[in-house]
Amino acid sequence: MNKKAYYGEYGGQFVAESLMNSLNEIDEAFEAAIKDPEFIKEYHYYLRQYVGRETPLYLAGRLSEKYGTKIYLKREDLNHTGAHKINNVLGQILLARRMGKTKVIAETGAGQHGVATATGAALFNMECTVYMGKEDVERQALNVMRMEMLGAKVVSVESGSNTLKDATNEAIRTWAKTAEDTFYIIGSAIGPYPYPKMVKEFQACISREAKKQHLEAEGRLPDVVMACVGGGSNSIGMFADFIDDKEVELIGVEAAGKGIDTDEHAASMAKGRPGVLHGTRSYLLQDDDGNIQLAHSISAGLDYPGVGPEHAYLHDSGRAKYVPITDEEAMDALMELTQMEGIIPAIESAHAMAYAFKKAKEMTKDQSMIVCLSGRGDKDVNTIAAYLRGEGYLN
Amino acid sequence: MNRIEKRMNELKSNNEKAFVTYYTAGLPDMETTRKIIDAQQGVTDVIELGIPFSDPTADGPVIQQASYEAIQGGASLKKTFILMDDIRKSGNEQPIVFMMYYNTIVNYGLDAFVGKCRETGVDGLIVPDLPIEEQEAIREALKGDDSTILIELVSPVSKKRIPEILKGARGFVYCVSSMGVTGQAADFHKEVVSYLSEVKSQSPVPVMMGFGIREAADVKPMKDIIDGAIVGSHFINIMRENNFDPNAAKEYVTKFKKELNGV
């Protein structure tokens, strides 16, 4: 057992023998890169000049007033390409280039990670293929168009449920075939080690900045830090720099879909059991036979039946708390943020907002929380419109 | 003695090559699966029985589809154990291994799973998503009884990992002929011959080649290196084309086994 691949009993490297050498190469290259000042300098250059970091920590005045506590928003929605995904893509693609790889592949659900990867590939002149479930290709036509404009090839995956889980399976299969010249850019805090560690490292800029910004504004640490959790990339980035600050409460918000007592949700912590999928051991939605169940959420980005292994560890150790938010609660919060602050959030991020409003009720006006606003809602306008028309949702 | 190891010893003393087939348990149902297994008695040396899983990342389209249909038809690990029990009770002593993904084992419970394998006569396990780094727990559970053994997999890029993998090898070692997944029609890795020779020169157990093999002729260039061949996706295709007729299974495996041994 490779102990460093584990977070408590979670994590590991459950992949085919064909991929073990690749994982070891990536691990070595990654560890060397993050200790190399030149690599870090280049990564930070692109974060600043290309992505537009640092992103603001905005005190949502009207919401703070209404809910009686200070609500700060970490504005990842203002990043180039519209979400936090680009932070990680640039880190991994610079690593791929450093390793001499000329091709990158990625999986995508809603298309945000696919768009970010296609963007990075265009920037560094790499060949890019994105695997996307057939269902998602149909309902996220705009992002498919963006990826194709950026020069990526989008492969529509027709197997199993035709969604993110199956796109990930297909990306893993392709990677196993092509690992000799291809780098797999995983967008979530999942996958075999060292992927969960890499994603955390490249998303940690979110909490590093937020901590500094909050200290400047308030002269103290926040009381609560909150983010939505699908696979868990924006949340692990939002938590990273606060994990050792035990006085800061960490809250991950899972998608409860139509409710955790229905069969249609994506709450792998609330309703799942530990198991092994996509190279890692973590909480999973699975049936009695150990087959993976379909996740459901109005937000395509949270529509995943598992969660990153470090989140499973933070959950079991009690360091972070994970709570469910339904589609309806998320959509109400989305409209409230839109109308009170003039910010249209991604539906994913609206889950975190919804819990923020609940949590605020137990807080005082001198306390403060940071909510990670992981992405903007432009991509969701069709889904929002259908929901508001009472047609349910496209997912 | 473990049934696989016993069979391998017999083949060795007869100077014969082994033939292994893979079939997905429960395609299209358990009764038919059993007939297809029984029809191969006395010919196929080891039968790999695939336990269908929802997310078979080491498999190509043929086995993915087979797994999907089997699950839709109600197949499961529990039902496959019942099938195994029936097979052994009827006196069928063919070596049988389970090819399965690790989550199916974790979900059943490691110790309970191993106990049930021993009880129902499962001779070996092939777990494609369990590299040596992650084998500690299952090896611990398998300890102390030879009736169920873990089969190791080697890939064309294993290279310096080969000695470590072979250290724990029992029964035979499964050499993957190409990068990637099952069923890529004889599209073997460009260095397949040198890779197989390298494994063979170091292996204490017979060396089997699998992935992408359809006919005995496909392995002709490697026949002096390998100790046997494994056919999966193509065997499933043959079964489908023949409406799952057990006679077609018998015909195919008999022909392959003969040709493999140059008869």
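Just so it is clear: chains get the letters A, B, ... in the order the sequence lines come, proteins before strands, and each one is counted from 1. All of these numbers come straight from a predicted model, not from anything done at the bench.
Shown here for R161(B) and N21(A), the closest heavy-atom pair between the two residues is CD-OD1, 3.5 Å. Closest heavy-atom contact between F53(B) and I292(A): CZ-CG1, 4.0 Å. Here the closest heavy-atom approach between residue R173(A) and residue V181(B) is recorded as CG-CG1, 3.5 Å.
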### Message
Test salt bridge (Lys or Arg N to Asp or Glu O under 4.0 Å) on E134(B) and R281(A); report intermediate values, then the result.
### Response
CA-CA 11 Å; E134(B) 302 294 349; R281(A) 180 184 166 90; over 6 Å; no
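Between the N103(B) side chain and the G290(A) main chain, a donor and an acceptor come within less than 3.5 Å of each other. Between the side chain of D129(B) and the backbone N or O of V15(A) there is no donor-acceptor pair closer than 3.5 Å.
Side-chain atoms of S158(B) and E17(A) include a donor-acceptor pair closer than 3.5 Å.
For P56(B), the parts lying near chain A are the backbone and the side chain together; criterion is any non-hydrogen pair under 4.5 Å. Neither the backbone nor the side chain of I105(B) comes within less than 4.5 Å of any heavy atom in chain A. The part of Y6(A) that comes within reach of chain B is its side chain, from C-beta onward, which places non-hydrogen atoms under 4.5 angstrom from that chain. Neither the backbone nor the side chain of L19(A) comes within less than 4.5 Å of any heavy atom of chain B.
Ranked by heavy-atom pairs under 4.5 Å with chain B, the first of E170(A), R273(A), Q293(A), M20(A) is M20(A). Interface remark: of the candidates H278(A), Q286(A), Q13(A), Q13(A) forms the most heavy-atom pairs closer than 4.5 Å to chain B.
Rounding to the nearest 0.5 Å places OG of S54(B) at 7.5 Å from CG of D287(A). A distance of 9.0 Å separates CD of E133(B) from CG of L23(A), quoted to the nearest 0.5 Å. Here the straight-line distance linking atom CG of D289(A) with atom NZ of K78(B) works out to 6.0 Å at 0.5 Å rounding. To the nearest 0.5 Å, atoms CG (D55(B)) and OG (S159(A)) are separated by 8.0 Å.
D85(B) meets the side chain to side chain donor-acceptor pair (under 3.5 Å) test with K89(B); sequence neighbours excluded.
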